Asker: 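Please see the structure below; I have some questions.
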Amino acid sequence: MKRFFFSCILLAFGTLSCEKGGLQRIARETTAMDTYLSVTIYDEQLSIADGNAIIDSVFAEVNRIEQLMTDYTDTSEVGKINIRAGRESVAVSPELIHLLTVANDFSEQSGGSFDVTVGPIVRAWDFLGSEHEIPTRGRMRLLRRLVNFRNIVIDSPMVYLRQRGMRLDLGGIAKGYAVDRSVELLKRRGVKRAIVDLGGNLGVWWEGTHALDSSVAEILIRHPRKEGKFFGSFHAGTSGISTSGDYQRYFIKGGVRYHHIIDPSTGYPARDVVSVTIIANDATTADALSTLVFVLGRVNGMELIKHTSGVEGLIIWEEGDSLRYLLSPGLEGKFVRSND
Ligand code: AMP
Ligand code: MG
């Protein structure tokens, strides 16, 4: 696995842990799901050996989910569904059925702005390749016909894509899901405080705290236009946090930035905003919503955040050479803008 993309959110250790002192920090990093995976456990009692064994099992869990859900091979469950699109249905795990159902709920909520059948269009853009070709409008019109979450037929345990050429791409939700599973595993092993970061999808597990708890971790939001700089920060406790940005997978051609978050209604990258951070009770929700709100744009996106309980968000957009931002009500007074 290559390490293409770096964090959209970075963590600095917050005040609670410092005050408490004595907390041992066991941290490891690897690559998974085409990005980096870091797991940090904070504990007074855990031995280094036990901590490392637990982290090994988190790495194994994320790998297992990647094997199920990647669309880069024909052998994963998603790959099998894709190659049999328009031909036959495929028996898959309850876990994949669950995630597809969750994804479809987000699609319904957003009128299709979030749609995991966006695969043929993401492929056509080939953001990971070196040839940066812009698909023609004609080709895009044909590809757009293949994108429709209503053509995913789920009849547990069978899944079927109605049209040939359809492709599932869980890139907008699977990392958040993998983070949630990792946090579950850490809890089952008795860990009381940990942070999992899978390519900027964070799971903060800090027993006895809540999402916007000011005493736990400082979340630094990457500056969308200045490499290595931060746009601002806020504090969070137990929650899922995800950022979607137009700087994560992109190319620039003719002065225009083409990036990986696609508006399914046009087939072209969503244009209204440059970065969206969502904080939710779980990382799956944060991951799907950050992608979805990015596509909806600042007005409809912020409306959706405000009307979804347990969810807060930060939306950043460009105006000329400067960046502007909007906060949901729960982040007002908590988000601190950096000097950049
Ligand atoms: P994220 O970084 O979580 O915002 O996810 C972006 C990834 O989600 C892309 O690289 C695609 O794999 C996939 N994707 C792009 N556009 C959409 C969309 N409109 N709905 C669902 N997934 C998408
Ligand atoms: Mg996402």
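Remember, it's 1-based here, ligands and their atoms both numbered in the order they're listed. Residues take their numbers from the sequence shown, with the count starting at 1. Below, each value reflects all heavy atoms present in this structure, side chains not excepted, and no hydrogens, waters or symmetry copies. Model, not experiment: these values are computed from the prediction.
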Asker: Looking at ligand 1, does any of its N/O atoms fall within less than 3.5 Å of an N/O of Asp287?
Answerer: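 In this structure, Asp287 places an N or O atom under 3.5 Å from an N or O of ligand 1.
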
Asker: Examine Arg337 relative to Phe231 and say whether NZ or CZ is less than 6.0 Å from the centre of the six-membered ring and inside a 45° cone about the ring axis.
Answerer: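 Because its charged atom sits under 6.0 Å from the ring centre and within 45° of the axis, Arg337 does stack over Phe231.
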
Asker: Test of understanding: given a 4.0 Å heavy-atom threshold, classify the contact between Gln248 and ligand 1 as side chain, backbone, both, or neither.
Answerer: side chain

Asker: List the closest protein heavy-atom neighbour of atom 14 (N) of ligand 1: residue, atom name, distance to the nearest 0.1 Å.
Answerer: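 Result: Val118 CG1, 3.9 Å.
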
Asker: Give a yes-or-no answer on whether the side chains of Glu61 and Ser182 include a donor-acceptor pair shorter than 3.5 Å.
Answerer: no

Asker: Kindly indicate whether a cation-pi arrangement holds for Arg137 with Tyr268, taking the cut-offs as under 6.0 Å to the six-membered ring centre and within 45° of the axis.
Answerer: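 Flagged: Arg137 positioned over aromatic ring of Tyr268.
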
Asker: Side chain, backbone, both or neither: which part of Ala270 comes within less than 4.0 Å of ligand 1 when only heavy atoms are counted?
Answerer: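 For Ala270, no heavy atom sits under 4.0 Å from ligand 1.
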
Asker: Measuring from Ile261:CD1 to Asp263:CG, what's the distance to the nearest 0.5 Å?
Answerer: 11.5 Å

Asker: Measure the acute angle between the ring planes of His259 and Phe294, then classify it against the limits of 30° and 60° as parallel, tilted or perpendicular.
Answerer: perpendicular

Asker: Considering heavy atoms of the protein only, find what lies nearest to atom 1 (P) of ligand 1 and give residue, atom and distance to 0.1 Å.
Answerer: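 Residue, atom and distance for the closest contact: Thr291 OG1, 3.3 Å.
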
Asker: So, with waters excluded, how many protein N/O/S atoms does the Mg ion (ligand 2) have closer than 2.8 Å?
Answerer: 4

Asker: For atom 10 (O) of ligand 1, what is the closest protein heavy atom, and at what distance to 0.1 Å?
Answerer: His260 ND1, 2.9 Å

Asker: Between Asp282 and Thr285, do the side chains contain an N or O donor and an N or O acceptor separated by less than 3.5 Å?
Answerer: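 Judged by distance alone, the side chains do pair up.
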
Asker: In terms of residue, atom name and distance, what is the protein heavy atom nearest to atom 20 (N) of ligand 1?
Answerer: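 Nearest neighbour among protein heavy atoms for atom 20 (N) of ligand 1, to 0.1 Å: Asp115 N, 2.9 Å.
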
Asker: Report the member of Pro269, Gly171, Gly245, Ala174 with the shortest heavy-atom distance to atom 7 (C) of ligand 1.
Answerer: Gly171

Asker: Is Ser244 close to ligand 1, meaning an N/O of one under 3.5 Å from an N/O of the other?
Answerer: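 Yes; the residue has a nitrogen or oxygen that sits under 3.5 Å from a nitrogen or oxygen of the ligand.
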
Asker: Could you list the atoms of ligand 1 found under 4.0 angstrom from a heavy atom of Ser113?
Answerer: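 Here the atoms of ligand 1 in question are 18 (C), 19 (N), 20 (N).
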
Asker: With a 6.0 Å cut-off (strictly less than), is the heavy-atom count around CD of Glu108, excluding the residue itself, greater than 12?
Answerer: yes

Asker: What is the nearest protein non-hydrogen atom to atom 11 (C) of ligand 1, stated with its residue, atom name and distance?
Answerer: Asp169 OD2, 3.6 Å

Asker: Think Arg271 forms a cation-pi with Tyr258, using NZ or CZ under 6.0 Å from the six-ring centre and within 45 degrees of its axis?
Answerer: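 Yes, Arg271 lies over the aromatic ring of Tyr258.
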
Asker: Can you check whether Phe114 has an N/O within less than 3.5 Å of an N/O in ligand 1?
Answerer: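 No - when backbone and side-chain N and O of Phe114 are compared with those of ligand 1, no distance drops under 3.5 Å.
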
Asker: Do Ile134 and Met140 belong to the same hydrophobic cluster, where Ile, Leu, Val, Met, Phe, Trp and Tyr are linked whenever their side-chain heavy atoms lie under 4.5 Å apart, directly or via other members?
Answerer: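 Yes, because Ile134 and Met140 connect within a single hydrophobic cluster, where side-chain heavy atoms sit under 4.5 Å apart.
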
Asker: Has Thr31 got a side-chain atom pairing as donor or acceptor with Thr35's backbone, closer than 3.5 angstrom?
Answerer: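 Side chain of Thr31 to backbone of Thr35: no pair is present.
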
Asker: Judged on heavy-atom distance to atom 19 (N) of ligand 1, which of Asp71, Ile262, Thr35 sits nearest?
Answerer: Ile262

Asker: Which residue supplies the protein heavy atom nearest to atom 13 (C) of ligand 1, what is that atom called, and how far is it?
Answerer: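 That would be Gly172 N, 3.8 Å.
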
